[in-house]
Participant: 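Quick one: this structure, given as structure tokens, is what I'll be asking you about.
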Amino acid sequence: MAEGINSVELQEKGGLENNGFVHEQSEDDQLETSKIRRNSSQTDANNTTSIGIMEEPQDVLPLKPFAGMPKDVLLQFSRQPCYRITREILFWLIIIATIAIVGATIAIIALSPKCLDWWQSSPIYQVYPRSFKDSNNDGAGDLKGVQDKIDHFLYLDVKTIWIAPFYKSSLKDFNYAVDDFMDVDPTFGTMAEFESMMSAMHDKGLKLIIDLIPNHTSDKHNWFQLSKNRTGKYTDYYIWQDCVRAGDQTVPPNNWVSVYGNSSWEYDDTRKQCYFHQFRKEQPDLNLYNPNVQGEIQSVMKFWLEKGVDGFTVDAAKFLLEAEHLRDEPQVNKSQSPDTVTAYDELFHDYTTTQVGMHDIIRSFRQTVNEYSREPGRYRFMGTESNDLKMVEKTMLYYGNSFIKEADFPLNFYLFDLNKSDLSGNNIFNIVDLWMKSMPKGKWPHWMVGSPGNSRIASRVGKEYINVVNMLLLTLPGTPTTYYGEELGMEDNSAAITLETNHSAEYDPTEYPEKTPMQWDSSANAGFSTANKTWLPLNPDYMAVNVEEQKKQQNSTLNLYRELSRLRNSELPLHRGWLCYIWNDSDVFAYVREVDGMDKVFLMVLNFGKPSILNLRQAVPEIPTQVTIRLSTVVSRGGKSMSTDRIQTAMGEGLILEYNTNKPVHLKDTFKDKCFISEKACYSSAFNLLYNNC
Ligand SMILES: [Ca+2]
Ligand SMILES: [Ca+2]
């Protein structure tokens, strides 16, 4: 009924029913339309599609579709082959174009080099907080002190700070024996001060890494106290075994020896059993076979990740599990009387290190870290600490495999072995090559020369080599790590060993010399503290070797470090290019850093021995005759030109030479086994594109 009324109204208006559109019709139009309607009704009756239009009488002008044409008429047009085929072609073109765009997008993403993450793009600076800066004048460094010195990190152009343990510990010297993993030791301040320090770092664009110590606690930890008393779930939180007690003597369950010597089993009078400790007896090992213990460690990780820390180094990873069968470990010297085996290196540690299941635990740590990495720009880092000495293949396992990632990198301790007696170009080459050739393809290397447990590098190799060692550290591929003070060339202070204090036997004074206070300026206590007495004596050389003084000297170790750090951060070949070995002999180690798609090459010539003159042009004809000295440990040589058939270096001198070439050595067959690249470089060969900002 309503339709009828509408039609009448439309007719009165002289219009046509047209899906709501009204088309003013001329007389001619009305004639055409009535013909079309006639044809259309005939077509419908014949159940054909478009023949009606096609069979239009010759005396009628052909009609084309136009906007406003009635729907049923338009449908007649659209069924004509010429329109239908065109429509289908366009439809498939759109589908193909969409697939091509999606495919190209995926290809570009897949083939583009990944941007370097923060843990790759900056050196890591390791702070020993007790010795960095004292803010409350008690003679010991603290977290507020670290916060007060943030400008120092900015001066060095380092963006990642790794703070050695600051957790609550009753053993004041080494905070690797922790009473509470979720609290700050009062020596270092409060949790509020930790949070303040971390947010100040984040405000300046710095990242903060802390230690995770999953292997053991201190014997003062609440878990150990509860375990000693066999309280509920804590009963099996540690590794307890029956042992025979005769008077003051204990007969341990087996021959296992602790890292610090003597039996790794200690009798506990409360529980009347022995507990196992890989390290000191004040550091009982946790039973990581126990899922509850693993859950506790996960909780510790989440506690700090939720606070906002940017990552962990997992300490003592290889010690996490011990064989449950408790069999004696084999002696290195089979003829040695078993009763006399007391030193750690007298046994092969087949049952107390790198046990089956240990990597599963590391992977579970990685999963937790990953859970907190999902926000854009909030990647959380995980490194592992495990010194496997000559068994480098064991160290490499911490990278994980192609399917399951573990650490971003295992810490590389191999440069710790350097000392005066074996410092040479060949030896440095061997240490570098050991890591590079053992590392799974495409992974990211790590380098460090000092730590809180090792004599300082300047003391080990001689201070005349400190600059060239820093040059090596900051020009190798991967992440370099600098222990505090090594940017100044600080040396051990052996006086710290014989220090007269009220220290107890828990302490290890042999590790004091490399922990003396940071040398900030030439004022009293080197600007470290205004207390009458600092926790360790300052190295007397602080009057000359200090931050303030070295800032003033253009050729200081500090300013060279800063230049190296800046150069590494700004030059693509240095922070992510190929590494190719060019030369090594008893004095010199030389290598280039190249990037595909870029002509610029850096050639490092580092002298670790006696004065040397090299003809590198003869050895490697691809190197141009003339190169420019970009940076030298002898500042005055910077910017000068040098002939590659006579590269002269003094003892301990390092040169960073720069040249342009379209014949990079990494493309040469002869260099096939001498070159390495980490992850994807910045060049996409598929698109012939060099990404400068990756
Ligand atoms: Ca203090
Ligand atoms: Ca253990």
Side-chain angles (χ1 to χ4, degrees), residues 127-149 163 166 172-173 175-178 184-190 193-194 196-197 212-219 221 223-224 227 236-241 253-254 256-260 264-266 274-290 293-294 296-297 314-324 326 329 344 349-362 365 384-387 515 517-518 520 525-536:
V127 170
Y128 190 73
R130 201 172 163 88
S131 300
F132 200 60
K133 175 75 176 114
D134 175 19
S135 73
N136 62 350
N137 308 324
D138 62 356
D142 43 59
L143 298 181
K144 178 153 189 322
V146 177
Q147 182 175 345
D148 291 345
K149 290 296 185 182
I163 298 201
F166 50 85
K172 296 297 181 192
D173 179 44
N175 286 75
Y176 292 89
V178 178
V184 174
D185 192 276
T187 308
F188 299 112
T190 62
E193 281 169 335
F194 171 83
S196 169
M197 174 197 72
L212 179 73
I213 310 169
N215 180 64
H216 53 266
T217 67
S218 82
D219 58 355
H221 197 292
W223 301 339
F224 190 71
S227 195
D236 297 324
Y237 263 38
Y238 294 82
I239 301 162
W240 294 100
Q241 282 295 321
N254 58 27
W256 295 355
V257 167
S258 84
V259 169
Y260 292 103
S264 51
W265 296 96
E266 182 72 17
C274 280
Y275 64 85
F276 175 78
H277 57 92
Q278 292 269 20
F279 300 95
R280 293 180 172 85
K281 64 180 169 53
E282 296 86 0
Q283 296 166 293
D285 270 44
L286 285 161
N287 172 17
L288 280 144
Y289 287 112
N290 184 337
V293 173
Q294 288 195 30
E296 296 279 9
I297 301 299
V314 180
D315 289 332
K318 71 174 176 183
F319 298 111
L320 289 185
L321 294 177
E322 295 76 23
E324 291 179 290
L326 300 182
E329 289 190 320
Y344 191 68
H349 301 287
D350 296 355
Y351 305 139
T352 53
T353 59
T354 323
Q355 296 300 293
V356 173
M358 181 270 285
H359 281 282
D360 294 331
I361 296 174
I362 301 288
F365 295 163
T384 49
E385 183 265 324
S386 176
N387 193 348
K515 295 191 178 100
M518 178 68 175
W520 294 105
N525 295 332
F528 163 71
S529 169
T530 52
N532 290 331
K533 191 173 182 188
T534 54
W535 85 281
L536 286 181

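Residue numbers start at 1 and run along the sequence shown. Numbering of ligands and ligand atoms starts at 1, following listing order.
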Participant: I'd like to know if the Ca ion (ligand 1) has an N/O/S atom from N137 within less than 3.0 Å of it, counting both backbone and side-chain atoms.
Facilitator: no
Participant: Please work out which of the three classes, parallel, tilted or perpendicular, describes the rings of F194 and F166, given edges at 30° and 60°.
Facilitator: parallel
Participant: Please state whether the separation between the Ca ion (ligand 1) and some N/O/S atom of G141 is under 3.0 Å?
Facilitator: no
Participant: For F224 and W240, take the angle between the two ring planes, folded into 0 to 90°, and tell me which bin it lands in: parallel under 30, tilted 30 to 60, perpendicular over 60.
Facilitator: parallel
Participant: Could you check whether F132 and F528 have their ring centres less than 6.0 Å apart?
Facilitator: no
Participant: For W256 and F276, take the angle between the two ring planes, folded into 0 to 90°, and tell me which bin it lands in: parallel under 30, tilted 30 to 60, perpendicular over 60.
Facilitator: perpendicular
Participant: Have a look at D134 and say which of its N, O or S atoms is nearest the Ca ion (ligand 1).
Facilitator: OD1
Participant: If you define the side chain from C-beta out and look only at heavy atoms, does anything of K133 sit under 4.5 Å from V146?
Facilitator: no
Participant: Where the Ca ion (ligand 2) is the corner point, what angle links OD2 of D285 with O of F319, to 10°?
Facilitator: 120°
Participant: Nearest N/O/S atom of D142 with respect to the Ca ion (ligand 1), by atom name, please.
Facilitator: OD2
Participant: Using 3.0 Å as the threshold, say whether any N, O or S atom from Q278 sits that close to the Ca ion (ligand 2).
Facilitator: no
Participant: Here's a test for you: under side-chain contact (heavy atoms from CB on, under 4.5 Å), which of N137, N525, D134 qualifies with T530?
Facilitator: N137
Participant: So which N/O/S atom does E322 have closest to the Ca ion (ligand 2)?
Facilitator: OE2
Participant: Can you tell me which N/O/S atom of D138 has the shortest distance to the Ca ion (ligand 1)?
Facilitator: OD1
